[in-house]
S.K.: 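Input: one structure, supplied below.
In what follows, chains carry the letters A, B, and so on, assigned in the order in which the sequence lines appear, proteins first and then strands, with residues in each chain numbered from 1.
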Amino acid sequence: MTKTLVIITGPTAIGKTRIAIKTANFFQTEIVSADSRQIYRELSVGTAVPSTEELLAVKHHFIHSHSIHDNYNASRYETEALEVLETLFQKYKTVVMTGGSMLYIDAVCKGIDIMPDVDPELRKNLKTRLKAEGIESLRRQLKKLDPDYYATVDLKNPVRIVHALEICLMTGKPYSSFRTLPIKERPFSIIKIGLDCDRTELHRRINQRVDKMIESGLEEEAHRVFPFKHLNSLNTVGYREFFAHFNGEISKEKAVELIKRNTRRYARKQLTWFRNKPDMTWFQPNEEEQLIEFLDKKINKNE
RNA sequence: GGUGCCAUAGCUCAGUUGGUAGAGCAACGGACUGAAAAUCCGUGUGUCCCUGGUUCGAUUCCAGGUGGCACCA
């Protein structure tokens, strides 16, 4: 029996949750979330996790499954998601994955290179050096330790430089020697569905959803995690703007405005990533019947 | 009804002594391998309100029109 992973993705606020649930219901299966922020149990309002009713309607995985204090990343997600998928495919022929975290989805579909976990002390040191000496100093060191990567990396992007140096310093080997990205075979076939709509309409949905989040108590939720604002998991749209407000840097109105803008920008970034991916089939958010019909045909043909 | 002021990018506005224009914000395009809702790079997107006139040439000057604001009635 052919196993199929149906991936439903698209920009934030497009309506992935609702359609994923309909699809999962149709195929009588469960949902694996691919959302890098909904995994944190301390966050609900600002990450737009599915409602209690939605969670009862279909069993979800990777919702509230980890803590903001965990050092989570795409590689861990790859490992854990594949484990969950293996279990699910023993029960189901089809499994639905949904979410907007592009790198997480890619990690499940294609895999990520195996590299050592980063030593937090080393990262701290390098960040301190970055601040004190500037990026040029780190660049020079990277040029020495990994000239190949230096030649291709975005030299203005400190995150890339720092991470490459981390791996070089920890392993004594060039970072590029780990970057082989062999295509990892998966024991299931993949159908990728993208959801998109008119940009103005998407912006409308985003603004509306942010207003709803405010009504539902986003400020209180952000305040609860404010003591941990330095965590990477909280470098997140909807929280960092409120942190700035709590610090007295901006008004609440300004924070809300910035949350809307940053969410719009995030959606645009997602669309940039998804665009020119030839393996995606696109639907409008209101074309759920066509979508399910398309999947049904495709999956039954595979039998 | 009269007089005055204004009309330029999605918004707020600058500017061109006449040679088709630029800031901020917003927006848009792109990159992406253990931070990915992160991080980084790039881009003015324009019937200069409309119609005539003067001029080699008008967004700019003139006239009329339309719309807005203010004051007087």
S.K.: Are there more than 12 heavy atoms of other residues, nucleotides or ligands under 6.0 Å from atom CG of A:D113?
M.R.: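 Yes.
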S.K.: Determine which nucleotide pairs with B:G67, using a 3.5 Å limit on both distances of a Watson-Crick or G-U wobble pair.
M.R.: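 Looking at the geometry, B:G67 pairs with B:C6.
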S.K.: Which part of the nucleic acid, if any, lies within reach of A:P158 when heavy atoms closer than 4.0 Å are counted: base, sugar-phosphate only, or nothing?
M.R.: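 If one applies the 4.0 Å heavy-atom cut-off, A:P158 turns out to touch the sugar-phosphate alone, with no base involved.
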S.K.: Look at the side chain of A:Y175 and decide which nucleotide, out of B:G30, B:A38, B:U33, has an atom nearest to it.
M.R.: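 Taking heavy atoms from C-beta onward, the closest nucleotide is B:U33.
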S.K.: So, is A:N232 close to the B:A36 phosphate, meaning a side-chain N or O under 4.0 Å from OP1 or OP2?
M.R.: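 So the side chain of A:N232 is within the cut-off, an N or O lying under 4.0 Å from OP1 or OP2 of B:A36.
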S.K.: For A:G111, answer base if it contacts any base atom (sugar-phosphate contacts may also be present), sugar-phosphate if it contacts only those atoms, and nothing otherwise; contact means non-hydrogen atoms under 4.0 Å.
M.R.: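 The residue A:G111 makes no contact with any strand.
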S.K.: Kindly give the heavy-atom pair with the smallest separation between A:R139 and A:K156, and that separation in Å.
M.R.: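 Smallest heavy-atom distance, with atoms named: NH2-CA, 4.2 Å.
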S.K.: In whole Å, what is the span from the CZ atom of A:R37 to the P atom of B:A38?
M.R.: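 Taking CZ of A:R37 and P of B:A38, I get 7 Å after rounding.
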S.K.: What is the separation between atom CZ on A:R139 and atom P on B:C40, rounded to the nearest whole Å?
M.R.: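 Answer to the nearest Å: 13 Å.
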S.K.: So A:T47, base contact, sugar-phosphate only, or nothing? Heavy-atom distance under 4.0 Å.
M.R.: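 Base contact.
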S.K.: Centroid-to-centroid, A:H69 to A:F228, below 6.0 Å?
M.R.: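 Ring-ring flag for A:H69/A:F228: true, centres closer than 6.0 Å.
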S.K.: Counting the atoms with a prime plus P, OP1 and OP2 as sugar-phosphate, which does A:Y40 contact under 4.0 Å by heavy atoms, base, sugar-phosphate, or nothing?
M.R.: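 No contact.
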S.K.: Within the structure shown, what part of the strands sits under 4.0 Å from A:K260 by heavy-atom distance: base, sugar-phosphate, or nothing?
M.R.: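 Nothing, no heavy atom under 4.0 Å.
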S.K.: Could you check which nucleotide pairs with B:C61 in any of the strands shown, counting Watson-Crick or G-U wobble with both distances under 3.5 Å?
M.R.: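 B:C61 is paired, partner B:G53.
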S.K.: Counting any heavy atom closer than 4.0 Å, what does A:Y104 reach on the DNA or RNA strands: base, sugar-phosphate only, or nothing?
M.R.: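 A:Y104: backbone/sugar contact only, no base atoms under 4.0 Å.
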S.K.: Quick one: are the ring centres of A:Y239 and A:F226 less than 6.0 Å apart?
M.R.: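 No, too far apart.
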S.K.: Whole angstroms only, please: what is the CE-P distance between A:M115 and B:A35?
M.R.: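 Distance check: A:M115 CE to B:A35 P gives 10 Å.
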S.K.: Which whole-number value in Å describes the distance from A:K156 NZ to B:A38 C1'?
M.R.: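 Atom-to-atom, A:K156 to B:A38, this comes out as 20 Å.
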S.K.: Just checking A:R76: base, sugar-phosphate only, or nothing, at a heavy-atom cut-off of under 4.0 Å?
M.R.: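 Counting heavy atoms under 4.0 Å across all strands, no contact is made by A:R76.
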S.K.: Quantified in whole Å, what is the C1' atom distance between nucleotide B:A26 and nucleotide B:G10?
M.R.: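 My reading of the C1' atoms in B:A26 and B:G10 gives 7 Å.
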S.K.: Mind checking if A:K269 touches a base, just sugar-phosphate, or nothing, with heavy atoms under 4.0 Å?
M.R.: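 Base contact - A:K269 has a heavy atom under 4.0 Å of at least one base atom.
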S.K.: Return the nucleotide paired to B:U43: Watson-Crick means purine N1 to pyrimidine N3 with N6-O4 or O6-N4, wobble means G-U with N1-O2 and O6-N3, both under 3.5 Å.
M.R.: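 Pair assignment: B:U43 / B:A27.
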S.K.: Centroid separation under 6.0 Å, is that true for the rings of A:F246 and A:H223?
M.R.: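 Aromatic pair counts; centres sit under 6.0 Å.
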S.K.: When only distance counts, do a donor and an acceptor, one from the side chain of A:R160 and one from the base of B:A38, lie under 3.5 Å apart?
M.R.: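 For A:R160, whose side chain was compared with the base of B:A38, there is a donor-acceptor pair (under 3.5 Å).
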S.K.: Mind checking who B:U17 pairs with, Watson-Crick or G-U wobble, both distances under 3.5 Å?
M.R.: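 Partner of B:U17: none.
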S.K.: Which part of the nucleic acid does A:N71 contact within heavy-atom distance under 4.0 Å: base, sugar-phosphate only, or nothing?
M.R.: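 A:N71: no heavy atom of the nucleic acid under 4.0 Å.
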